[in-house]
Amino acid sequence: MLDLGFVRTNLALVKEKLALRSAETAALLDSFEPLDTERRAAITEVETLKAQRNALSAQFGQLKREGKDISEIQRQTGSLKDRIAELETAANLADEKLQTILQTIPNLPHDSVAKGSSEDENVVVKTWGDPVQIQDAKPHWEIGESLGILDFERAAKISGARFVVQYGSGARLERALANFMLDLHVREHGYVEVLPPTMVNSRSLFSTGQLPKFAEDLFHCDDKGPYTGEYQDSDHWLIPTAEVPLTNLFRDETIDLSNGNISFCAYTPCYRAEAGSHGRDVRGMIRQHQFQKVELVKFTTPETSYDEHEALTRNAETVLEKLGLPYRRMLLCTGDMGFSSAKTYDLEVWLPGQQTYREISSCSNVESFQARRANIRFKPAGASKSEYVHTLNGSGLAVGRTYLAVLENYQQPDGSVRVPEVLVPYMGGETVLRPQRFGKAVE
RNA sequence: GGAGGGAUGUGUGAGUGGUUGAAACAGGCGGUCUUGAAAACCGCUUUGCCCGAAAGGGCAACGGGGGUUCGAAUCCCUCUCCCUCCGCCA
């Protein structure tokens, strides 16, 4: 969310920057100016009347103590009361409309972000490793099913489409990847491991920007009844990413950044309704209702957030490099960035089975956009006023997609899959995944 | 699920209808003293919004929402959360 005063004094600039996302986005601000004027006029009038009422009340107390006549004041305040109530309603209405606009407009793109209207205009910042060309490369779902470690059919039976069951060495590979990533971030990159709830309330989802606009992408639990559009602190939603619980840890708090920025990482399941993606990526593990992810979140000062953004992105890249998975870093253009983000790098991993790069991580600096919604502040050294922190988040990495990237990049002509060297200790010494049935080796 | 207690500023914690936006203490910041530090002493120390060029003035906020009243942190209703005990339970 942007600051009301900032939008008011920089309306032309804000419109211009929003137009870099899309024309429709900029149009959200069309009614801003008249509404803002209306709101302020109403507030000024209400507050004038309230000041009168307060003065009369003070007089009332005085007179009553002196035992004097109070009926005249009673009559005056009585007539003020109705007008105040009336005008207050008008002021609240204008304020709500304005708040709706502010809550619905996305973050402004940072100056370093390339202009563009769609993903076609994203910029390749760097490429690491050579895209492996494998003779008769198979997609991961074929590899996984023939090895007997992935089972999409039984997953469909017990849960429906867009789920998977993993068995034996396959299940262990998921756990190995997660442990490897967590250990790397904790031991070498300075993150603190967190195990957060994977259900959150709507107030949290508002703070990170998923609500109110993207409710249909989320799974809502109806234990407290259907979603009413209000931000409650007692309802439950399944998290779409650990960014939500991690960022909300410090909601409504003033945190201490005097000893440096705060970095958290967490391994959690993530749940996405995928309401708008019928027919896309229906095969395999690319797009699931449930997947696991190691998430990185940072709380920083405004001065350091862009350096930290580069560092966080490097932390995610390091996972791919240690796993030996070719990738490229994309700078998302203004038209392709997420709602809350000011600048986003996507990491795309090479998938030889599909002859394409696919997103495996998304690293964003959202500046103060979420901090303002979540009311997360810090006190700069020597300053008397607190300021909003900057928050950053990135996948480090999406484990499900890393898993399928390993299957496709390390597949062998005989149908087996080599285990990347760094994962061998996490696999109990297993160096090759061979055909198995419910975990038992088969010929 | 049952019974009871509670929610106040950075923290602890007073305050049960009228200079209480809020005591006190702690913490933080500044100052005096000191070679320096500590101690002691003095001062400052919530946020959002509205009017205003500014100086300054005003409104609102004591978990959320609603009500009573001329006036609510204080009384009533309601919701949420936390704590204690009982029950159930991985």
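Atoms CG (Asn92(A)) and P (C50(B)) sit 14 Å apart, rounded to a whole Å. Distance CG (Asp36(A)) to P (C49(B)): 12 Å, rounded to an integer number of Å. Distance CZ (Arg53(A)) to C1' (A72(B)): 11 Å, rounded to an integer number of Å. Asp252(A) has its CG atom 19 Å from the P atom of U80(B), to the nearest Å. Straight-line distance from the CG atom of Asn248(A) to the P atom of C81(B): 16 Å, rounded to whole Å. Following rounding to the nearest Å, Gln59(A) (CD) and U19(B) (P) show an atom-to-atom distance of 16 Å. Spacing between atom CG of Leu35(A) and atom C1' of C49(B) amounts to 17 Å, rounded to whole angstrom units. What separates CZ of Arg39(A) from C1' of C49(B) is a distance of 7 Å, to the nearest Å.
Using a 4.5 Å heavy-atom cutoff, the side chains of Val294(A) and Leu182(A) are in contact. You'll find the side chain of Phe264(A) reaches within 4.5 Å of the side chain of Phe250(A), heavy atoms only. Residues Ile239(A) and Pro245(A) are in side-chain contact: their nearest non-hydrogen atoms beyond the backbone lie under 4.5 Å apart. With contacts defined as side-chain heavy-atom distances shorter than 4.5 Å, the pair Leu407(A)/Tyr403(A) qualifies. Tyr306(A) has its side chain within reach of Lys343(A): a pair of non-hydrogen atoms, C-beta onward, lies under 4.5 Å apart.
Comparing the C1' positions of C42(B) and U46(B) gives an interatomic distance of 23 Å, to the nearest angstrom. If you take atom P in C75(B) and the same atom in U16(B), they sit 9 Å apart, rounded to whole Å. Across U45(B) and U34(B), the matching P atoms stand 28 Å from one another, rounded to whole Å. Using C1' as the reference atom, G64(B) and U80(B) are 7 Å apart when rounded to the nearest Å. Going from the C1' atom of G31(B) to that of U20(B) covers 29 Å, rounded to whole Å. With C1' as the reference atom, G48(B) and C41(B) are 36 Å apart, rounded to whole Å. Nucleotides U19(B) and G6(B) are separated by 25 Å at their P atoms, to the nearest Å. As rounded to the nearest Å, C82(B) and C70(B) have P atoms that lie 38 Å from one another.
Proximity note for Arg8(A) (side chain, C-beta onward) versus A60(B), U69(B), C50(B): the nearest is C50(B). Checking C70(B), C49(B), G58(B) against every side-chain atom of Ala51(A), the shortest atom distance belongs to G58(B). Here the side chain of Ser57(A) is nearest to one of C59(B), G71(B), U47(B), namely G71(B).
Phosphate contact (OP1/OP2 of G63(B), side-chain N/O of Arg203(A), threshold under 4.0 Å): absent. For the OP1/OP2 pair of A60(B) and a distance below 4.0 Å, the side-chain nitrogens and oxygens of Asn54(A) include at least one atom meeting the criterion. Between Arg40(A) and the phosphate of C51(B), there is a side-chain N or O to OP1/OP2 separation shorter than 4.0 Å.
Nearest-nucleotide assignment on RNA chain B puts the 5′-proximal partner with Gln52(A), out of Leu56(A) and Gln52(A). Two residues, Lys50(A) and Thr44(A), neighbour RNA chain B, and the one matched to the more 5' nucleotide by heavy-atom proximity is Thr44(A).
Remark: G48(B) base-pairs with C59(B). Criterion, Watson-Crick or G-U wobble with two distances under 3.5 Å. Remark: U69(B) base-pairs with no nucleotide; criterion is Watson-Crick or G-U wobble with both hydrogen-bond distances under 3.5 Å. Pairing for A53(B) is absent, judged as Watson-Crick or G-U wobble with the two contacts each under 3.5 Å. Base pairing of U34(B): no nucleotide in any strand meets the Watson-Crick or G-U wobble criterion (both distances under 3.5 Å). C85(B): Watson-Crick or G-U partner is G2(B), with both key distances under 3.5 Å. Using N1 to N3 plus N6-O4 or O6-N4 for Watson-Crick, or N1-O2 and O6-N3 for G-U wobble, each under 3.5 Å, U80(B) pairs with A7(B). Under the Watson-Crick and G-U wobble criteria, each requiring two contacts below 3.5 Å, nucleotide U12(B) is paired to A24(B).
Taking the ring centroids of Phe339(A) and Phe369(A), they lie under the 6.0 Å cut-off. Residues Phe219(A) and His289(A) place their aromatic rings such that the two centres sit under 6.0 Å apart.
Remark: Ala371(A) engages Ile376(A), Tyr388(A), Val389(A) in a side-chain contact (heavy atoms from CB on, under 4.5 Å) (not counting sequence neighbours).
Between Arg21(A) and Asp336(A) no salt bridge is recorded (no basic side-chain N to carboxylate O distance below 4.0 Å).
The stretch residues 418-433 of chain A participates, sequence neighbours left out, in these side chain to side chain donor-acceptor pair (under 3.5 Å) pairs: Ser169(A)-Glu430(A), Asp183(A)-Tyr426(A).
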Between the protein and nucleotides 73-75 of chain B, which nitrogen or oxygen pairs come in under 3.5 angstrom?
none

